Amino acid sequence: MPSGSHFTYRPARDELAYTFGGRIPVAHVRSGDVFTVHTEDCFGGRVRGPADLPSQVCAMPYLNPVSGPFFVEDAEPGDTLAVHISAIEPARDWGVSATFPYFGALTSTPHTATLQPPLDERVWVYDIDPTAGVVRYRATTSGHTVELPLDPMIGTIGVAPAAMEARATIVPDYYGGNLDTPELRVGTTLYLGVNVHGALLALGDGHARQGEGEACGVAVEISTITTLAVEVIKGGLPTGWPRLETDTTIMSVGCARPLEDAYRIAHQDLTAWTTDLCRLDTLDAYQLISQAGRAPIGNVCDPNYTVLAAIDKAHIPQPQPAYANAHTRLRALTSSAEEERMR
């Protein structure tokens, strides 16, 4: 049963993790716990202005740090971990983005070698204004500025992979990881298949906002103060790929290269999920998703690409509650915890 306890975890710089798997847990949580986690940006806070070129102030493989992992009691392989995002607050009043040589969607990379010159390395600094709800873009070679909506998200979140693997945090895959989808915002519940005893949940890589695809490979990168609630869903149908649920939508995530394989994974999983929830024939579900579904792109620059398949709940027959109604239950739990905190 949910316990509802609440604690805050703030890692020191040397406590940040750079892999999923292969790490000793930093804390234990129970099903129903609500807890707050301080996360660093993908540069570990080292890029603070235009002169801080990432190639000079950061060192591989110490990029894309995550906070954790958190050992979730009673989570065993075959279970599903539900993670509800209750709050994402920028921890600083600025964020950064950058371009890199040989990284991003519109340049040569090790996977797409060409003879064109590499991109210049450049840093953009964004003002973050939570009160106004905006992120302020400034061009680096002209006076153009524009205010964009603040839409914070968690870029990297996942559990340990199976078979004692340790995977770099920059990689998205079946266990989560660097999914880089704007859909991982406040109000979303993420479902992850548990692969090891305790699940070993970790998160980081906050974004103040990100365009779909994260074309240059770097969003508006921020450190965050993120509040989560977790619940272990025992047994049942396995969760082979990450799934998301909001009040209005269900989504499946696929991660692969090439991009069309990520698309296929996501849509096959959403078709199976819709078939199960709504007791539709598989081809009926496939047809409905083909006409009413959406395919938001997460990233097209990481070692694996990320594509989502999404369908609004209004378009499908009255579904069975997903994962025993975990989304509704965790949303209510976090709301109650916030009301208690404000008293």
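Numbers for residues simply follow the sequence, beginning at 1. What you see is a predicted model; the values in this text were computed from it and never measured.
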Is there a side-chain contact between [X] and [Y], using heavy atoms and a 4.5 Å cut-off?
X	Y	value
E214	H207	yes
M251	L270	no
F70	L228	no
D129	R136	yes
V123	D52	no
V307	Y305	no
P69	F20	no
V253	L190	no

Grouping I, L, V, M, F, W and Y whenever their side-chain heavy atoms are under 4.5 Å apart, do V159 and I170 come out in a common cluster?
yes
Will you find, in the side chains of T36 and H6, an N or O donor that is under 3.5 Å from an N or O acceptor?
yes
Please determine whether the number of non-hydrogen atoms from other residues, nucleotides or ligands lying under 6.0 Å from atom [atom1] of [X] exceeds 12.
X	atom1	result
R92	CZ	yes
R294	CZ	yes
Y263	OH	no

Keeping [X] on the side-chain end and [Y] on the backbone end, is there a donor-acceptor pair under 3.5 Å?
X	Y	result
E15	A12	yes
T99	D120	yes
R257	D302	yes
T169	N64	yes
T246	T249	yes
R331	T189	no
T188	E183	yes
S97	A219	yes
Q210	D180	yes

Sequence neighbours excluded, the answer for salt bridge (charged side-chain N to carboxylate O under 4.0 Å, His left out) partners of R209 is none
Can you say whether the rings of Y137 and Y126 are parallel (under 30°), tilted (30 to 60°) or perpendicular (over 60°)?
tilted
Look at the aromatic rings of F103 and F100 and report parallel, tilted or perpendicular, splitting at 30° and 60°.
perpendicular
Ring centres under 6.0 angstrom apart (H327, Y323)
no
Do any pairs count as a side-chain hydrogen bond (donor to acceptor under 3.5 Å, both in side chains) and have a residue in residues 71-80, sequence neighbours left out, and if so which ones?
E76-H197, D79-K234, T80-T239
